[in-house]
Novice: 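Sharing a structure here in structure tokens format.
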Amino acid sequence: SQLAVVSGVGPMHEPGALEGMHWVNKGLLKTGQYFGTLGELVVGAIAVLWRTVPGAAEVWFSSVLPAADRSIVTRSEVGIVLARNIKEALRPGVRGVMTDFSLLLSDWRELPSKVVVPTTIWHGDEDTYVPLSMAKILHKMIPQSRFEQVKGGGHFMIVDRLRPVLELFA
């Protein structure tokens with residue numbers, strides 16, 4: 001078995017983990033880190049907005065994603081899938097989003113070192129949603145991992161680069 005991490009988050013408690021992150025995402029994480037309940041409430045309010053206002057998630061992504069990603073998420077076929085996924089994720093409510101946020105904020109630095117399968121980490125050098133700094137930290141923490149920095153890749157680069165990732169498992 002193998003593991004592929006594509007545009008994945010890393011432990012935010014490591015020094016430099018948020019370097020290169022869009023200021024909105026960094027602000028949300030810092031709010032959650034220092035003012036836990038307030039951070040959860042803000043993330044919950046954003047999720048409610050996404051759940052109830054058509055197009056709110058699209059506006060969010062178009063304002064916080066780099067150009068490399070905007071060119072992907074604005075494609076009609078990608079936008080439809082993204083909107084459907086967000087709608088389904090929020091169908092039971094926003095508690096799951098708030099739980100994910102809380103887990104992201106927790107100190108899970110010891111977990112990557114427990115990965116025992118061959119791991120390839122793919123991350124775009126233009127990803128400001130989850131910055132390249134997090135991928136580099138994961139690479140250092142996961143024993144014998146392989147790191148693939150994708151030039152010009154953003155957070156949603158998997159849409160255009162799925163084949164090379166899946167070839168790892170062939």
Side-chain angles (χ1 to χ4, degrees), residues 4-108 111 121-138 148-162 165:
V5 178
V6 182
S7 304
V9 299
M12 65 173 276
H13 295 286
E14 284 293 305
L18 303 183
E19 183 180 314
M21 181 177 276
H22 189 282
W23 66 269
V24 171
N25 287 358
K26 190 183 292 186
L28 284 172
L29 290 174
K30 290 290 188 183
T31 300
Q33 186 177 20
Y34 297 113
F35 311 101
T37 303
L38 177 60
E40 279 191 28
L41 289 173
V42 171
V43 167
I46 292 168
V48 167
L49 184 67
W50 286 12
R51 185 177 185 211
T52 58
V53 178
E58 293 165 23
V59 170
W60 172 270
F61 284 123
S62 69
S63 61
V64 299
L65 291 176
D69 284 319
R70 286 193 304 271
S71 69
I72 293 172
V73 299
T74 56
R75 294 181 207 157
S76 61
E77 71 277 11
V78 176
I80 289 168
V81 170
L82 186 58
R84 188 180 306 141
N85 287 345
I86 290 169
K87 183 178 180 181
E88 179 59 23
L90 296 173
R91 184 178 47 81
V94 300
R95 195 80 200 123
V97 172
M98 293 170 72
T99 300
D100 280 354
F101 183 69
S102 181
L103 289 170
L104 177 61
L105 293 174
S106 67
D107 188 353
W108 50 276
L111 294 177
I121 299 166
W122 298 68
H123 212 97
D125 62 0
E126 292 187 22
D127 189 346
T128 57
Y129 201 70
V130 173
L132 184 62
S133 55
M134 284 192 169
K136 289 179 177 180
I137 288 168
L138 273 182
E148 296 284 339
Q149 182 171 323
V150 179
K151 184 167 178 48
H155 190 67
F156 289 94
M157 68 178 187
I158 188 70
V159 171
D160 293 334
R161 293 176 173 88
L162 183 59
V165 172

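Every value quoted in this text rests on a predicted model; they were computed, and no experiment measured them. No hydrogens, no waters, no symmetry mates; every other heavy atom, side chains included, goes into these values.
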Novice: Which heavy atom of A17 sits nearest to which heavy atom of P11, and what is that distance?
Specialist: CB-O, 3.5 Å
Novice: To the nearest 0.5 Å, tell me how far N25 CG sits from L18 CG.
Specialist: 9.5 Å
Novice: Please report the shortest heavy-atom distance between S7 and D127, naming the atom on each side.
Specialist: CB-OD2, 3.9 Å
Novice: For V78 and V73, which heavy atoms make the closest approach, and how far apart are they?
Specialist: CG1-CA, 3.9 Å
Novice: For residues I72 and M157, report the shortest heavy-atom separation together with the two atoms involved.
Specialist: CD1-CA, 4.1 Å
Novice: CZ of F156 to CZ of R70: how many Å apart, nearest 0.5 Å?
Specialist: 12.5 Å
Novice: Please check if atom CD in Q33 has more than 12 non-hydrogen atoms from other residues, nucleotides or ligands closer than 6.0 Å.
Specialist: yes
Novice: Rounded to the nearest 0.5 Å, what separates atom NZ in K136 from atom CD in E14?
Specialist: 15.0 Å
Novice: So, H13 side chain and L105 main chain: donor-acceptor pair closer than 3.5 Å or not?
Specialist: yes
Novice: Begin with the C-alpha distance, continue with both residues' side-chain angles, and end with the deciding distance and a verdict on side-chain contact (heavy atoms from CB on, under 4.5 Å) for W50 and V94.
Specialist: CA-CA 10 Å; W50 286 12; V94 300; over 6 Å; no
Novice: Give me the ring orientation class for Y129 and H155: parallel if the planes are under 30° apart, tilted from 30 to 60°, perpendicular past 60°.
Specialist: tilted
Novice: To the nearest 0.5 angstrom, please state how far the CD1 atom of I80 sits from the CG atom of L82.
Specialist: 11.0 Å
Novice: Could you tell me whether a side-chain N or O of S102 sits under 3.5 Å from a main-chain N or O of T99, the two making a donor and an acceptor?
Specialist: no
Novice: Roughly how far, to the nearest 0.5 Å, is the CG atom of L41 from the CD1 atom of I46?
Specialist: 11.0 Å
Novice: If you take all heavy atoms of I137 and P15, which pair is closest and at what distance?
Specialist: CD1-O, 4.0 Å
Novice: Backbone N or O of M134 within a donor-acceptor pair of the H123 side chain at under 3.5 Å?
Specialist: no
Novice: Which residue is it: V43, V9, L28? I am looking for the one with a side-chain contact (heavy atoms from CB on, under 4.5 Å) to L104.
Specialist: V9
Novice: With sequence neighbours left out, which residue pairs that include part of residues 71-80 fulfil the salt bridge (charged side-chain N to carboxylate O under 4.0 Å, His left out) condition?
Specialist: R75-D160
Novice: Kindly check if the number of other-residue, nucleotide or ligand heavy atoms within 6.0 Å of CH2 (W23) is above 12?
Specialist: no
Novice: Do you know which two heavy atoms are closest between P131 and G20, and how far apart they sit?
Specialist: CB-C, 3.8 Å
